[in-house]
Amino acid sequence: MKPTIFHFLTSILCLQLTLAEDNTLSEDQIAEGWQVLFDGLTIEEGWSPKSGFATFKVEAGTIVGTTIKSSPNTFLCSEQTFANFELTFEVK
């Protein structure tokens, strides 16, 4: 069987969610109930992996996910439920 681009990408994928320098809320946003999803320090509480077997850790304010060979897609999920949200992030 020929390897597909999917298999290639899943074997080298490294997901980084970076705490941007401007990752702060204005007083108006705080008053409206906005909250920052990632504090740049930890994912031990309030986060859980779903599906595959990738590992996740925080390095220098960044969530780094590393795939495991032959694992299905893995998603790091907040344990909170959100509605009416804006998600901003960078992926390398």
Side-chain angles (χ1 to χ4, degrees):
M1 176 197 295
K2 284 186 171 181
T4 65
I5 190 70
F6 173 78
H7 291 109
F8 175 73
L9 291 175
T10 55
S11 66
I12 63 166
L13 178 65
C14 180
L15 173 67
Q16 294 185 328
L17 296 179
T18 302
L19 179 66
E21 290 179 15
D22 64 348
N23 194 30
T24 58
L25 299 175
S26 69
E27 290 181 20
D28 290 339
Q29 289 172 321
I30 293 169
E32 292 174 7
W34 287 69
Q35 63 187 99
V36 175
L37 187 59
F38 173 54
D39 66 5
L41 303 173
T42 182
I43 55 172
E44 277 75 37
E45 292 185 28
W47 295 87
S48 59
K50 304 291 184 202
S51 188
F53 307 106
T55 59
F56 297 92
K57 61 185 173 182
V58 177
E59 289 181 358
T62 300
I63 299 173
V64 178
T66 305
T67 62
I68 303 297
K69 185 176 181 176
S70 301
S71 172
N73 287 342
T74 308
F75 304 93
L76 183 63
C77 302
S78 170
E79 293 173 353
Q80 297 180 26
T81 301
F82 298 92
N84 191 20
F85 61 90
E86 292 180 21
L87 176 63
T88 304
F89 60 94
E90 294 181 24
V91 177
K92 290 184 180 182

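What's counted below: heavy atoms across the whole structure, side chains too, no hydrogens, waters or symmetry copies. For the single chain, residues carry numbers from 1 onward in sequence order.
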Gap between atom NZ of Lys57 and atom CD1 of Ile63 - 0.5 Å precision: 13.0 Å
Verdict with reasoning, Val36 to Leu25, per side-chain contact (heavy atoms from CB on, under 4.5 Å): CA-CA 7 Å; Val36 175; Leu25 299 175; 3.8 Å; yes
Non-hydrogen side-chain atoms of Trp34 and Asp28 separated by less than 4.5 Å: no
Heavy-atom closest contact (Asn73 atom, Ser51 atom, distance): O-OG, 2.9 Å
CZ on Phe56 to OG1 on Thr66, rounded to 0.5 Å: 8.5 Å
Flag for Gln80-Ser78: side-chain donor and acceptor within less than 3.5 Å: no
Cluster link Phe82 to Phe75, ILVMFWY, side chain under 4.5 Å: no
Greater than 12 external heavy atoms within 6.0 Å of Glu45's CD: no
Atom CD of Glu79 with >12 non-hydrogen neighbours under 6.0 angstrom: yes
Donor-acceptor pair, side chain of Ser71 and main chain of Gly52, under 3.5 angstrom: no
Donor-acceptor under 3.5 Å (Thr74 side chain, Phe53 main chain): yes
Distance (rounded to the nearest 0.5 Å) between Thr42 OG1 and Trp47 CH2: 10.5 Å
